[in-house]
Amino acid sequence: MSTLALTLIAALWATGWAVHTVWMSRRLRTARRDPLTGLWTRDAFTRQARRLLRNRHAVVVLADVDRFKQVNDTHGHAAGDALLAATAARIAHAVGRSGVAGRLGGDEFAAVLIDRDGTAADQLTVLGRILARPVENAPDVHTSVSLGWVRRADHPDEDLSALLRRADEAMYTAKRTPSNVRRAALGRLLASVTGRRPGRRNTV
């Protein structure tokens, strides 16, 4: 076999392998995205969130749509899906490129943002108001989203799971307040033995 033929075969093999690699990369990336909202799935969010928590300015946020079952029962699942998609888009926009947002399941979302200028409280208060706005594809739906958040710097020795539990407790408290946004307390975790309040799904 001539040198030219061998060179062409090698080039074709390399091209085929490159195309296959790109295809596999796209498939893996798609699998890590929630099909409804486009946010990262739980596992993908966990990997990226843990990396961001190396930054002392990180803030962990947990969000939950209030009365979501009622929305589905009253307005139908299409309206519920529109609400989830809009909520996801608004959270992702608020987090920005330096952070990460994911859908943990159902109507529960999590995010990690980097708060270099110490304005997380104001940012999340604004986000809470934005999340309560009507959704374009479901204008008759009126609900809010409760947010709980915690600063990484307040609990430097805790992992993502513990910080999410703190944010979860704060979010549960926020559901009973007019603002719907609550920062986690500095003291010990107050939830059940597992760290989650009764009835909640497991953390990542």
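Note that these values count all heavy atoms, side chains included, but never hydrogens, waters or copies made by symmetry. Small disclaimer: the values here were computed from a predicted structure and weren't measured. For the single chain, residues carry numbers from 1 onward in sequence order.
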ask   = Arg152 and side-chain contact (heavy atoms from CB on, under 4.5 Å): which partner among Val60, Leu163, Val59?
value = Leu163

inquiry  = Side chains of Arg56 and Arg151, heavy atoms from C-beta outward: is any pair under 4.5 Å?
reply    = no

task = Provide the closest heavy-atom pair for Ala170 versus Gly148 in the form atom of the first, atom of the second, distance.
result = CB-CA, 3.9 Å

ask   = Hey, quick one: are Val100 and Leu39 part of the same hydrophobic cluster, counting side-chain heavy atoms closer than 4.5 Å, chains of contacts allowed?
value = no

Identified side-chain contact (heavy atoms from CB on, under 4.5 Å) partner of Arg182 from the options Thr173, Val150, Leu147 = Thr173

request  = Decide whether Val135 and Ile91 are clustered together by the hydrophobic rule: side chain heavy atoms of Ile, Leu, Val, Met, Phe, Trp, Tyr closer than 4.5 Å, transitively.
outcome  = yes

ask   = With sequence neighbours left out, which residue pairs that include part of residues 84-101 fulfil the salt bridge (Lys or Arg N to Asp or Glu O under 4.0 Å) condition?
value = none

ask   = Any side-chain donor paired with an acceptor under 3.5 Å for Asp43 and Thr46?
value = no

task = May I ask you to check whether Asp66 and Thr143 show a side-chain donor-acceptor distance below 3.5 Å?
result = no

query = Is the closest side-chain heavy-atom distance between Asp64 and Leu62 below 4.5 Å?
reply = no

task = Using a 4.5 Å cut-off on heavy atoms from C-beta on, say whether the side chain of Glu158 contacts that of Arg166.
result = yes

Between side-chain atoms of residues 118-126 and protein atoms elsewhere (two or more places apart, or another chain), which donor-acceptor pairs fall under 3.5 Å?
| unit_1 | atom_1 | unit_2 | atom_2 | d |
| --- | --- | --- | --- | --- |
| Thr119 | OG1 | Asp117 | OD1 | 2.8 |
| Thr119 | OG1 | Gln123 | NE2 | 2.7 |
| Thr125 | OG1 | Ala121 | O | 2.9 |

query = Where is the tightest heavy-atom contact between Ala94 and Leu127, given as atom of each residue plus distance?
reply = CB-CD1, 3.8 Å

message = Salt bridge check, Asp107 against Lys69: does any charged N sit closer than 4.0 Å to a carboxylate O?
response = no

Heavy-atom check, side chain of Asp34 versus side chain of Thr37, under 4.5 Å = yes

query = Does Trp40 have Arg33 sitting over its ring (NZ/CZ under 6.0 Å from centre, angle to axis within 45°)?
reply = yes

query = So, Arg50 and Asp159, do they make that salt bridge, N to O below 4.0 Å?
reply = no

ask   = Judged by atom type as modelled, is there a donor-acceptor pair below 3.5 Å linking the side chain of Ser146 to the main-chain atoms of Met171?
value = no

key: Nearest heavy atoms of Pro134 and Pro139, plus distance in Å   = CB-O, 4.2 Å

task = Could you tell me whether the side chain of Thr74 and the main chain of Val71 form a donor-acceptor pair under 3.5 Å?
result = no

query = Hey, is CZ on Arg129 packed in by over 12 heavy atoms from elsewhere, all under 6.0 Å?
reply = no

note = Between Val141 and Ala79 the two heavy atoms that sit nearest each other are CG2-CB, 4.0 Å

request  = Apply the test side-chain contact (heavy atoms from CB on, under 4.5 Å) to residues Trp149 and Val181: give CA-CA distance (whole Å), side-chain angles for both, the deciding distance (0.1 Å), then the verdict.
outcome  = CA-CA 8 Å; Trp149 62 281; Val181 179; 3.9 Å; yes

inquiry  = Could you tell me if the side chain of Thr41 sits less than 4.5 Å from the side chain of Phe45, heavy atoms only?
reply    = no

ask   = Going by heavy atoms in the side chains, are Phe68 and Leu84 under 4.5 Å from each other?
value = yes

ask   = Does Leu160 belong to the same Ile/Leu/Val/Met/Phe/Trp/Tyr cluster as Val61, with side-chain heavy atoms less than 4.5 Å apart forming each link?
value = no

